[in-house]
Amino acid sequence: MGELGKLRLGVNIDHVATVRNARGGATPDPLRAAQIAQEAGADGITAHLREDRRHIQDADIEGLMEMLTVPLNFEMAATEEMQAIALRHKPHAVCIVPEKREERTTEGGLDVARDENRLAHYIAPLREAGSRVSIFIGAEEHQLNAAHRIGAQVVELHSGAYCDYYHEGRFDEADVELAKLREMTTYGHSLGLEMHVGHGLTYDTVGPVAAFPEVMELNIGHFLIGEAIFRGLATAMAEMRRLMDDARGV
Ligand code: PXP
């Protein structure tokens, strides 16, 4: 295998906010986590402002926009409220994710194919404002086709099923999911989409995904924040980075 390009690591800080919100105070501060992640070599910070604000809050997004020197990947549901917030902040990237059960595909990603017309109109102003638009979908050809047709520049494939099967010891099923991710990463790339992968990735599952030649970025949160409790965020990230680099031969 020839040398592949270095992968970008986006660090999702949502679950620092989950812990903070458990007590309703100011600590642990997700902005401090973002600062540490940025200094430790994160290529981007991902944060999901949920409609119910269960972790990240509006003020966190404002703070991130002010302090980050790496790109912010702003995850959001396709609602009018979120569109207005994204248009106000103009983050580097927006990633459209499902929040309600009926918006999801069987794979857990956004059902773009079912809502294609509305989403095409929805993302147009975001693109015009200069944000790169990413759509979080399952590894399904018709969803990739739909994401491409509506004008998304980036697609993030949902790796949750692969990771869940792997950690349940259901390795045959994990392999099936991994093969789908592999095939659809190639397919999406052939459509001209920039391919990202995320959700549920751990030290045990990251390598095979990082080795997909067409993948450009992984977004990883829950596992890294959990590991940071024991080892600190920079150390937890360094191990993830090493595994990603090893998989790519860089
Ligand atoms: N990518 C997207 C689009 C997500 O919604 C999430 C979870 O918020 C992640 C990546 C990160 O997933 P995890 O926290 O399981 O690593």
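Just so you know, ligand 1 is whichever comes first in the structure, and atom 1 is the first atom listed for that ligand.
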Ligand 1 atoms nearer than 4.0 angstrom to some heavy atom of Gly200 are 12 (O), 13 (P), 15 (O), 16 (O)
Do Tyr187 and Asn145 have side-chain atoms, one donor and one acceptor, less than 3.5 Å apart?
yes
Taking non-hydrogen atoms only, is His158 closer than 4.0 angstrom to ligand 1 via side chain, backbone, both or neither?
neither
Can you confirm if the aromatic rings of His158 and Phe136 lie within a centre distance of less than 6.0 Å?
yes
Does an N or O anywhere in Glu156 fall below 3.5 Å from an N or O of ligand 1?
yes
More than 12 heavy atoms from other groups under 6.0 Å of CZ on Arg32
no
To check you understand the geometry: which heavy-atom pair defines the closest contact between Leu110 and Thr105, and what is its length?
O-CG2, 3.4 Å
Please list, in number order, the atoms of ligand 1 under 4.0 Å from a heavy atom of Ile220.
16 (O)
If you measure every N/O of His222 against every N/O of ligand 1, is any gap under 3.5 Å?
yes
Judging by distance only, is a nitrogen or oxygen of Glu75 under 3.5 angstrom from one on ligand 1?
yes
Within the structure, is a non-hydrogen atom of His199 found at a distance of less than 4.0 Å from ligand 1?
yes
Heavy-atom nearest neighbour in the protein, as seen from atom 16 (O) of ligand 1, with distance rounded to 0.1 Å:
Gly221 N, 2.7 Å
Over 12 non-hydrogen atoms of neighbours within 6.0 angstrom of CD in Glu183:
no
Could you list the atoms of ligand 1 found under 4.0 angstrom from a heavy atom of Val97?
3 (C)
Specify side chain, backbone, both or neither for Asn12, according to which of its non-hydrogen atoms lie closer than 4.0 Å to ligand 1.
side chain
Could you check whether any side-chain heavy atom of Asp43 comes within less than 4.5 Å of a side-chain heavy atom of Val70, counting everything from C-beta outward?
no
Under a plain distance cut-off of 3.5 Å, with no hydrogens placed, do Thr69 and Gln38 share a side-chain donor-acceptor pair?
yes
